[in-house]
Amino acid sequence: MLAWAENIARQVIARRPDKQEYVCAAGISPSGSIHIGNFRDIATSYFVVQALRGLGKKAKLLFSWDEYDRLRKIPVNVSSVRDDMEQYVGMPYVDVPNPFGDALGAKNYAEYFETEFMNSVSDFGIDLDFRHQAKMYRSGKYTDLILLAVAKRKQIYDVLDKHRTQVATEEERNNFYPVSIYCEHCDKDTTRIDSISDDNFVAEYHCTCGHHGTFDFRTNHNCKLNWKIDWPMRWMYEGVDFEPGGKDHATAHGSYDTSKDISREIFGYEPPLFQGYEFIGIRGTTGKMSGSSGLNMTPGTLLKIYQPEVLLWLYAKTEPMKAFDLCFDDGILRQYGEFDRMLTKCLDGTADDMVKSIMEACAIKGRQVQPVPMSLLVQMGSVVNFDIPRLESVLAKNGTPYTYDQFKDRLDRAKYWLEVCAPDQVYRLRGWRNWEVYNTLTDVQKAEIAKLYENLKTNDYTLDELNAMLYAVPREIRQIEMSDSEKKKVQMPFFKNIYRLLLDREQGPRLYLFLDALDKKDYLELLNFSYPQTQEEIVAEIAKNAPQKEEGLEIVYGDPDPVDDFKPTITLDQFNAIDLRVCKILKCQEIRKARNNYKLTLFDGKDKRVIVSSLKNYYKPDQLEGRKIIIIANLEPARFTGVQSNGMLLAATNNACGCKVIFIDDLVPEGTSIR
């Protein structure tokens, strides 16, 4: 078993040696798409459960959905499909509607993101004992503990105060309540308790919505303990023995320090063993993996490029307080390589105890991983466009005769990674002859290409014969004897020229394998420069080198507009009456049924403001979000396409350029006046 997990397991047993079943806990709030970083919560507890079972103990992994927490803010992927979700801020997640309609069959916001997460987590084969906190609270299971917390509210305040730096007052202590009430009128937790009965059972409260109400904690369950009281309450209720958490919870006077004191002093329960963990790094999410690609860093996203065993392996081999990266760049190929080396050692019996423990921890029942090199599938798959029979043939010729049954679990992942994360590494033949490169070649180099073309056109080669022919061409053209170093000097440029003519690249897969894998008719004419450049090739080359228009934006420019007459002179006072301010675009949203307008949410240095601007035909949202602009801040508000606009941005508009927004250097603070 894993050394670090075994160490924790032995500590857990030593604390309660006679316990029948040990409880390891984890929990996540379904505030949006669950980030892969949250999976470390589950993985850490999972490996400790494995270790406890390995030591002959009964153990379970208790997983809580904290769906009774309040909705705090709206994630980008939610606001992009519904612009009215702000109205639900303050409600418990379980009472917020599914923003995606009936997607995933989910009845509400919480259920949608829980289902999204669990659909992918099921691939890891981890057995979870679920607790849905909305159901636990509303069924009254926690009623006695809530009543206890309310009765001991001043003692709880004193515990919390020990872990704070600011000075407390007696008034704050008297007005403190460890519970939030969800308003019976608006369903939000924007309430404040005004008073409570002497027996601590019945509270009077008011809400910012204007409602005043009475709340009986014995019979009304529409309330929730505050986080640092809720956490230890659940430890006691479930008998939790171990729970991990992010390193921020592990700091002195942090969440765990505070909650463990409340656990002991209020609920009389010895708190569980706690293990902090380091956060996960993400590498290589630039370019096509940017925010505009719509990829969330969820387990489901990672499983498109990682096998579940490889993800578990990354968590297993790394001690909780050490960081590691999940890679969208070619670092993933090195990770697969290291995983395969460990797996191969286990399969051939050469693995030491540490390697065995890691590989056993990440094994998934009912699955068997085949260590077919991921880098090989990426390279050779690209050559044959991931055609399975051709790929099997190429692999066999390469001396690596893997079959589809062996590599099928990795093939789609290799293809997805290559096409989405590393499109620059895809090998694609040009569509026409590369005259631009050909015209830069020397006469000898052109003769080499002509010789290669004739050889390929008139002969069929075995793989070994093809390899020998490629090395022979430079020598045959020069017709001189060469030393090995001299051969290398002419062979390398020759291969480089072939790659440039076929792929627009200076290197690629092993050339003889590449050419053998392709159908000759697909590439042969790309090497034939015996006839002049055609009109079609000229047009194609011009189009290829032309400035690329933004995808989805059809913009046609024309001649410049006539220059307008200058307007009448104004005074400096008149100019100063115009309030020009620097603002940052926080969000750019589509407006329903609006053909030209965007709704822009700005930060003007003091607050958020909304303006409407007709930029839809010229910019995509991700070209605007995060940029700084100038607006007329004191323009009279007006409504456009049903949205009130509180200002107007500055832009240049001309037939020769379309609409060009005037952007400001990012160093200029929001709210700065333009004078």
Side-chain angles (χ1 to χ4, degrees), residues 23 25 27 29 62 64-70 90-95 131-164 168 170-207 211-240 243 255-272:
V23 179
S29 177
L62 179 75
S64 287
W65 278 117
D66 296 333
E67 61 193 6
Y68 208 41
D69 291 353
R70 73 190 301 269
M91 291 185 181
Y93 292 117
V94 75
D95 290 342
R131 293 292 183 276
H132 291 266
Q133 290 305 316
K135 183 178 179 181
M136 296 296 290
Y137 268 97
R138 287 176 168 170
S139 65
K141 293 185 183 298
Y142 298 150
T143 296
D144 289 344
L145 296 173
I146 293 171
L147 289 169
L148 175 65
V150 171
K152 293 187 174 184
R153 61 192 180 90
K154 292 187 178 181
Q155 294 100 304
I156 291 174
Y157 182 88
D158 292 338
V159 174
L160 295 174
D161 188 51
K162 288 191 303 183
H163 296 277
R164 299 192 308 177
E170 191 61 27
E171 182 182 5
E172 287 178 345
R173 186 172 185 264
N174 290 333
N175 293 330
F176 170 76
Y177 294 91
V179 63
S180 295
I181 294 172
Y182 284 112
C183 176
E184 62 183 340
H185 180 71
C186 69
D187 298 323
K188 297 183 179 182
D189 69 345
T190 51
T191 60
R192 182 180 179 86
I193 295 176
D194 299 314
S195 63
I196 196 164
S197 60
D198 292 340
D199 57 11
N200 294 307
F201 293 156
V202 181
E204 300 293 328
Y205 73 93
H206 71 274
C207 179
H211 178 72
H212 291 259
T214 300
F215 192 95
D216 190 330
F217 289 103
R218 294 168 298 181
T219 57
N220 194 329
H221 309 306
N222 205 29
C223 64
K224 183 181 182 298
L225 290 173
N226 301 341
W227 159 239
K228 292 178 183 178
I229 299 96
D230 170 82
W231 198 16
M233 179 274 291
R234 287 192 271 148
W235 289 341
M236 197 272 277
Y237 184 88
E238 299 287 357
V240 176
E243 184 163 3
S255 297
Y256 178 71
D257 261 8
T258 305
S259 295
K260 72 179 181 183
D261 286 349
I262 290 175
S263 184
R264 291 188 180 112
E265 297 180 33
I266 305 303
F267 297 112
Y269 183 76
E270 184 61 25

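None of these values were measured; they are calculated from a predicted model. The first residue in the sequence is number 1, and the count goes up from there.
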A.B. asks: Are more than 12 heavy atoms from other residues, nucleotides or ligands located less than 6.0 Å from atom CZ of Arg218?
C.D. replies: yes
A.B. asks: Quick check for you: to the nearest 0.5 Å, what is the distance between Asn174 atom CG and Glu171 atom CD?
C.D. replies: 8.0 Å
A.B. asks: Please give me the minimum heavy-atom distance between Tyr137 and Leu225, naming the atom from each residue.
C.D. replies: OH-N, 3.3 Å
A.B. asks: Under a 3.5 Å threshold, yes or no: a donor from one side chain and an acceptor from the other, between Asp95 and Tyr68?
C.D. replies: no
A.B. asks: Specify whether Phe215 and Tyr205 have parallel, tilted or perpendicular ring planes, treating 30° as the upper limit for parallel and 60° as the lower limit for perpendicular.
C.D. replies: perpendicular
A.B. asks: From Thr214 OG1 over to Asn220 CG, what is the distance, rounded to the nearest 0.5 angstrom?
C.D. replies: 10.5 Å
A.B. asks: Please evaluate residues Val94 and His132 with respect to the criterion side-chain contact (heavy atoms from CB on, under 4.5 Å), reporting the C-alpha separation (whole Å), side-chain torsions for both, the decisive distance (0.1 Å), and the verdict.
C.D. replies: CA-CA 10 Å; Val94 75; His132 291 266; over 6 Å; no
A.B. asks: Measure the CG-CG distance between Asp194 and Asn175 for me, rounded to the nearest 0.5 Å.
C.D. replies: 9.5 Å
A.B. asks: Between Trp227 and Trp231, what is the ring plane arrangement, given parallel below 30°, perpendicular above 60°, and tilted in between?
C.D. replies: parallel
A.B. asks: Evaluate Met233 against Ile262 for side-chain contact (heavy atoms from CB on, under 4.5 Å), listing each step before the verdict.
C.D. replies: CA-CA 9 Å; Met233 179 274 291; Ile262 290 175; over 6 Å; no
A.B. asks: Shortest non-hydrogen contact from Gly213 to Glu184?
C.D. replies: CA-OE2, 4.2 Å
A.B. asks: Give a yes or no answer on whether the side chain of Ser259 reaches the backbone of Lys228 with a donor-acceptor pair at less than 3.5 Å.
C.D. replies: yes
A.B. asks: Would you say that Arg264 contacts Glu270 through its side chain, given a criterion of any heavy-atom pair below 4.5 Å between the two side chains?
C.D. replies: yes
A.B. asks: When you compare the side chains of Gln133 and Tyr93, does any donor N or O come within less than 3.5 Å of an acceptor on the partner?
C.D. replies: no
A.B. asks: Looking only at heavy atoms, what is the nearest atom pair of Gly27 and Asp66, with distance?
C.D. replies: C-OD2, 4.4 Å
A.B. asks: More than 12 heavy atoms of other residues, nucleotides or ligands under 6.0 Å from NZ of Lys162: is that the case?
C.D. replies: yes
A.B. asks: Any chance you could measure Arg164, atom CZ, to Tyr157, atom OH, to the nearest 0.5 Å?
C.D. replies: 4.0 Å
A.B. asks: For Ile266 and Leu148, which heavy atoms make the closest approach, and how far apart are they?
C.D. replies: O-CD2, 3.7 Å
A.B. asks: Could you check whether Arg234 pairs with Asp230 (Lys NZ or Arg NE/NH1/NH2 to Asp/Glu carboxylate O, under 4.0 Å)?
C.D. replies: yes
A.B. asks: Would a line drawn from the ring center of Tyr237 to the ring center of Phe267 be shorter than 6.0 Å?
C.D. replies: no
A.B. asks: Rounded to the nearest 0.5 Å, what separates atom CD1 in Ile229 from atom CG in Leu145?
C.D. replies: 13.0 Å
A.B. asks: Less than 3.5 Å apart, any donor N or O on the side chain of His163 or Asp261 sitting next to an acceptor on the other?
C.D. replies: yes
A.B. asks: Check whether Tyr177 forms a cation-pi arrangement with Arg153 (NZ or CZ under 6.0 Å from the six-membered ring centre, at most 45° off the ring normal).
C.D. replies: yes
A.B. asks: Nearest heavy-atom pair of Pro178 and Ala149: which atoms, and what distance?
C.D. replies: CG-O, 3.5 Å
A.B. asks: Using a distance-only test with no angle check, is there a side-chain donor-acceptor pair under 3.5 angstrom linking Tyr256 and Glu243?
C.D. replies: no
A.B. asks: Tell me, yes or no, whether the heavy-atom count around Lys141 atom NZ, taken from other residues, nucleotides or ligands under 6.0 Å, exceeds 12.
C.D. replies: no
A.B. asks: Is Ser263 reaching over with its side chain to a backbone N or O of Tyr269, donor-acceptor style, under 3.5 angstrom?
C.D. replies: yes
A.B. asks: side-chain contact (heavy atoms from CB on, under 4.5 Å) with Met91: which residues, sequence neighbours excluded?
C.D. replies: Tyr88, Val96, Asp187, Lys188
A.B. asks: Quick check for you: to the nearest 0.5 Å, what is the distance between Ile156 atom CD1 and Thr258 atom OG1?
C.D. replies: 12.5 Å
A.B. asks: Taking all non-hydrogen atoms of both residues into account, name the closest pair between Ser139 and His221 and its distance.
C.D. replies: C-CD2, 4.4 Å
